[in-house]
Visitor: 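Before anything else, here's the structure in question.
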Amino acid sequence: MRVILYIIQKEFLQLFRNKSMLPIIFVMPIIQLLVLVHAATFEMKDIRLFVVDNDQSSTSRLLISKFKGSSFYKIIGYSNSFSEAEDQLLKGNADVVFAIPQNFEKNLNYEGKEKVQLTENAINGTVAGLINVYSMGIINDFNKELIFKKGTNISAENTQKNIDITYSFWYNPELNYKTFMVPGILVLLVTIIGLMLSGMNIVREKEMGTIEQINVTPIKKYQFITGKLFPFWLIALFELAIGLTVGKLLFHIPIIGNVGYVFLTASVYLLVILGIGLFVSTLADTQQQAMFITFFFMMIFILMSGLFTSVESMPDWAQQINRLNPVAYFIKIIRMILLKGSGLFDFIKEFCSLVTLAIAMLSMSVWRYKKVV
Amino acid sequence: MRTVVILFGIPVIQLLLFGYVVTNEIKDAKIAIYDQSKDVVTRVLTQKILSSGYFKLEKDISNYDEITESFKGGKTKLVIVFEPNFARQIEKSGVAHMQIISDASEPNTANILTNYSIAITRDYLKELSPITKSPIQIIPETRMYYNPDLKGVFMFVPGIMALLLMLISAMMTSISITREKELGTMEVLLVSPLKPIQIIIGKVMPYALLSFVNACVIIFIGHFVFEVPVEGSLILLLAESILYIITALSLGILISSVTNSQQVAMLLSLIALMLPSILLSGFIFPIENMPVILQWVCQVMPPKWFIIIIKNIMLKGVGLSYVWKETLVLFMMIVVFILISIKKFNIRLE
């Protein structure tokens with residue numbers, strides 16, 4: 001035990017005397033949290049709309065004013081020619097072109113229906129989908145308004161058979177995207193710090209040659225590894241605490257569930273992450289290599305974790321691979337606890353998977369680490 | 001050797017991952033149904049909703065408490081509640097009530113799923129009473145430009161190119177130069193008759209080549225596996241890629257000239273390059289939605305400009321006349337990065 005304490009002391013000393021590493025470890029994550037949460041948003045505002053109104057009637061103007069009045073849209077220009085609008089799309093000045101055909105009002109009044117055209121820049125499919133949802137909403141509302149204006153006798157007939165749909169958004173009634181992202185980004189930051197610190201630590205000793213000095217001491221394998229990992233484990237947990245505080249104070253994310261569960265999960269999760277880092281450390285010969293291997297795995301883990309996209313819509317084989325992805329488990333659990341107030345019983349399966357992964361990773365890296373060069 | 005394998009493995013695997021796995025399309029979202037009437041209408045409507053491909057029945061529930069339970073268990077995304085005597089209500093009073101409750105801890109998914117289920121119900125309603133046509137209706141017709149099938153890869157190919165070229169060029173350069181510093185071999189190089197500029201060019205050349213080959217691999221896979229078009233000129237596209245690689249390399253040189261240890265260089269590159277390249281470049285999240293201050297920060301991110309350039313050339317098929325501004329910005333960045341590093345480098349020599 002005393003040996004372990006000495007190694008821990010050594011690691012902490014080394015860390016705190018490194019003047020350039022300290023700010024990176026403690027300040028960067030906070031700045032990142034502040035920046036990333038604001039950056040990672042699909043909350044649409046100021047969708048740039050270009051209007052081509054070939055009708056110039058009171059109805060068409062009224063419809064356009066609906067778009068103007070919506071907080072989602074910003075009208076950037078009007079024109080009579082569609083090719084000019086297309087050019088705006090091409091130049092990237094407009095996100096969507098709304099075109100009203102000639103005789104729009106007339107056809108609407110005589111034939112009862114008329115088409116309008118929405119042309120979107122769809123390179124970002126998600127954004128295009130959301131723009132579509134908002135635009136349809138505005139046009140549907142306008143339709144209802146028109147029907148209402150035409151007189152109640154028709155609308156009475158219309159309600160003969162109807163299904164009244166009410167909908168509600170639980171856990172996040174305002175559909176606040178930050179509430180969704182903050183827990184995920186917290187996981188991301190803790191992961192990066194844990195993985196980078198542990199991944200590069202032993203390689204560094206290898207590269208510097210100091211590992212040989214340790215190898216000739218009577219320090220045992222488990223003592224060395226415990227002593228090495230404990231400081232990083234503590235730092236990462238500390239960082240999580242800071243992150244949660246910032247999230248609560250600045251972004252007002254709801255913390256509905258028990259924070260104790262978050263830390264319980266995090267402490268197991270970090271064992272997995274540190275285990276992976278350590279394993280990489282034993283594989284690589286130089287810090288550069290270690291860096292790239294960790295980077296490689298981290299990319300895959302993060303992309304598949306459901307941080308940005310829904311895990312459920314991935315193909316089956318990907319979901320099977322995801323069973324080995326610790327990041328996916330932790331993101332799922334932390335969102336469940338913080339946003340929905342789930343208890344240990346609700347995520348017991350995911351938690352057990354993390355425990356299994358932790359045991360597997362740690363034993364693999366202990367097995368790989370040899371006290372010979 | 002291992003490094004080379006990793007460097008070529010990363011883009012290929014990432015592209016495949018993005019192409020097949022990371023989709024924004026929603027399918028088979030798990031839903032629960034609380035059907036209090038179980039009559040013809042609700043059964044048919046349930047069938048319609050389930051056969052749409054967007055939803056998959058997770059379970060039938062039989063009271064309100066189970067809604068909370070199934071949400072907390074984490075799988076169910078949406079619960080649909082039909083009131084008792086649904087069919088009879090429609091026949092008698094003309095209106096029946098249904099409720100759609102979604103788990104909005106994933107706000108976008110919740111929003112889209114709710115909209116889908118409403119649309120399906122409306123369609124069904126039209127079937128139910130075909131006579132009731134809305135007397136007046138504006139029918140929106142949507143056309144999706146540049147990416148008619150709303151494929152995710154169309155956005156990810158430019159993004160991955162920007163990200164990987166930045167990482168390989170900037171990160172690898174900064175690490176390999178600081179490595180020489182840390183191990184003391186830089187001193188050896190500096191006292192040799194080689195000029196500093198020759199040392200630097202020699203050091204970055206391999207990474208420049210590697211990056212260029214990587215760029216070609218990404219375009220190749222994107223085009224032939226995922227059918228991402230190259231509408232514009234391929235030569236212009238490659239020329240712009242080279243320009244961007246040089247930008248990234250000079251940034252890498254800058255990072256290595258201000259740091260002395262590999263670890264710091266790595267963490268700096270990782271935290272200051274990787275996350276911003278993903279999040280502050282318009283790769284996944286549109287820049288227009290960000291707060292104004294962040295939009296300004298995005299302006300100094302080289303990937304932002306490069307992504308605009310490749311999207312324009314590859315997907316919109318425009319020429320240099322549409323992207324000259326962005327190209328100029330990249331040029332300016334190269335000049336600034338190199339000027340600063342020359343200044344720093346000289347100080348170190350004394």
Side-chain angles (χ1 to χ4, degrees), chain A residues 20 24 28 36 38-43 90 112-113 115-128 133 139 143 146-147 154 158-172 175 177 180 200 287-289 291-292 296 303 309-310 313-314 318 335-336 339-340 342 346, chain B residues 6 10 17 21-24 26-27 72-74 90 94-102 104-105 107-111 114-115 118 125 128-129 132 135-147 150 152 154-155 175 262 264 266-267 271 279-280 285-286 289-291 294 311 315-316:
Chain A
S20 45
I24 293 181
M28 284 296 251
L36 297 188
H38 285 294
T41 175
F42 272 127
E43 248 168 18
L90 209 53
K113 60 181 170 189
K115 286 176 180 161
V116 291
Q117 203 174 53
L118 285 164
T119 309
E120 295 173 31
N121 173 0
I123 292 178
N124 189 334
T126 315
V127 171
V133 168
I139 293 173
N143 270 335
L146 280 182
I147 293 166
I154 309 168
N158 193 35
T159 51
Q160 210 162 34
K161 275 185 178 179
N162 205 352
I163 296 175
D164 176 50
I165 310 167
T166 49
Y167 52 91
S168 44
F169 297 108
W170 280 19
Y171 307 117
N172 186 1
L175 296 180
Y177 207 70
F180 171 63
M200 291 187 313
Q287 292 188 59
Q288 206 178 5
Q289 266 181 11
M291 173 78 179
F292 257 83
F296 179 72
L303 292 180
T309 52
S310 202
S313 35
M314 294 177 185
R335 278 189 184 141
M336 283 167 81
L339 306 184
K340 299 193 234 170
S342 303
D346 294 313
Chain B
I6 295 169
I10 288 178
L17 263 185
V21 175
V22 186
T23 59
N24 292 309
I26 291 169
K27 61 175 173 61
K72 280 196 177 169
I90 289 192
V95 180
H97 298 276
M98 75 185 263
Q99 208 183 348
I100 298 168
I101 305 166
S102 53
S105 58
N108 275 344
T109 312
N111 198 357
T114 305
N115 272 300
I118 292 176
L125 201 59
L128 205 63
S129 43
T132 20
I136 278 193
Q137 207 172 24
I138 299 168
I139 305 156
E141 212 174 52
T142 322
R143 288 198 296 174
M144 299 296 184
Y145 266 33
Y146 316 124
N147 182 7
L150 298 183
F154 278 51
M155 186 181 56
I175 290 171
Q262 286 188 68
V264 178
M266 277 179 227
L267 272 177
I271 298 178
L279 293 171
L280 294 177
F285 299 99
N289 294 346
M290 297 175 194
L294 275 189
K311 273 184 185 169
L315 305 175
K316 297 185 182 173

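Labels below follow one simple rule: chain letters A, B, ... track the order of the sequence lines, proteins then strands, and each chain is numbered from 1.
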Visitor: Between A:Ser168 and B:Gln99, which heavy-atom pair has the shortest distance, and what is it?
Guide: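 Shortest heavy-atom separation between A:Ser168 and B:Gln99 comes out as OG-NE2, 4.4 Å.
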Visitor: Looking at B:Tyr145, I want to see if its OH is surrounded by more than 12 non-hydrogen atoms of other residues, nucleotides or ligands under 6.0 Å.
Guide: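 Yes.
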Visitor: Restricting to non-hydrogen atoms, name the atom on B:Ser105 and the atom on A:Leu339 that form the minimum distance, rounded to 0.1 Å.
Guide: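 For B:Ser105 versus A:Leu339, the nearest heavy atoms are CB-CD1, 3.5 Å.
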Visitor: Is A:Val116 close to chain B through its backbone or its side chain, or both, or neither, when contacts mean heavy atoms under 4.5 Å?
Guide: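 For A:Val116, the contact with chain B is made by backbone and side chain together.
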Visitor: Out of B:Ala110, B:Ala96, B:Pro286, which one racks up the most heavy-atom pairs below 4.5 Å with chain A?
Guide: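 Most heavy-atom pairs under 4.5 Å with chain A: B:Ala96.
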Visitor: Under a 4.5 Å cut-off applied to non-hydrogen side-chain atoms, are B:Tyr146 and A:Leu90 in contact?
Guide: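 Answer yes - side chains close enough.
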Visitor: Considering non-hydrogen atoms only, spot the tightest contact between B:Pro107 and A:Tyr177 and give its length.
Guide: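 Heavy atoms only, the tightest pair is CG-CD1, 3.7 Å.
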Visitor: At a heavy-atom separation under 4.5 Å, does B:Ser102 approach chain A through its side chain, its backbone, both, or neither?
Guide: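 Both parts, heavy atoms under 4.5 Å.
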Visitor: Could you look at B:Ile101 and say if it's the side chain, the backbone, both or neither that has a heavy atom under 4.5 Å from chain A?
Guide: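 For B:Ile101, backbone and side chain are both near chain A.
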Visitor: Is chain A contacted by the side chain of B:Asn111, its backbone, both, or neither, given a heavy-atom distance below 4.5 Å?
Guide: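 Both backbone and side chain of B:Asn111 come within 4.5 Å of chain A.
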Visitor: Closest heavy-atom contact between A:His38 and B:Met290?
Guide: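 Heavy atoms only, the tightest pair is O-CG, 4.0 Å.
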Visitor: What are the two closest non-hydrogen atoms of A:Ala39 and B:Leu294, and how far apart are they?
Guide: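 Heavy-atom minimum between the residues: N-CD1, 3.6 Å.
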Visitor: Check whether any side-chain N or O of A:Lys340 sits under 3.5 Å from a backbone N or O of B:Lys72 as a donor-acceptor pair, and report yes or no.
Guide: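 Not confirmed, A:Lys340 side chain does not pair with B:Lys72 backbone.
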Visitor: A:Asn121, A:Ile139, A:Ile123: which one forms the most heavy-atom pairs within less than 4.5 Å of chain B?
Guide: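 Looking at each option in turn, the highest pair count goes to A:Ile123.
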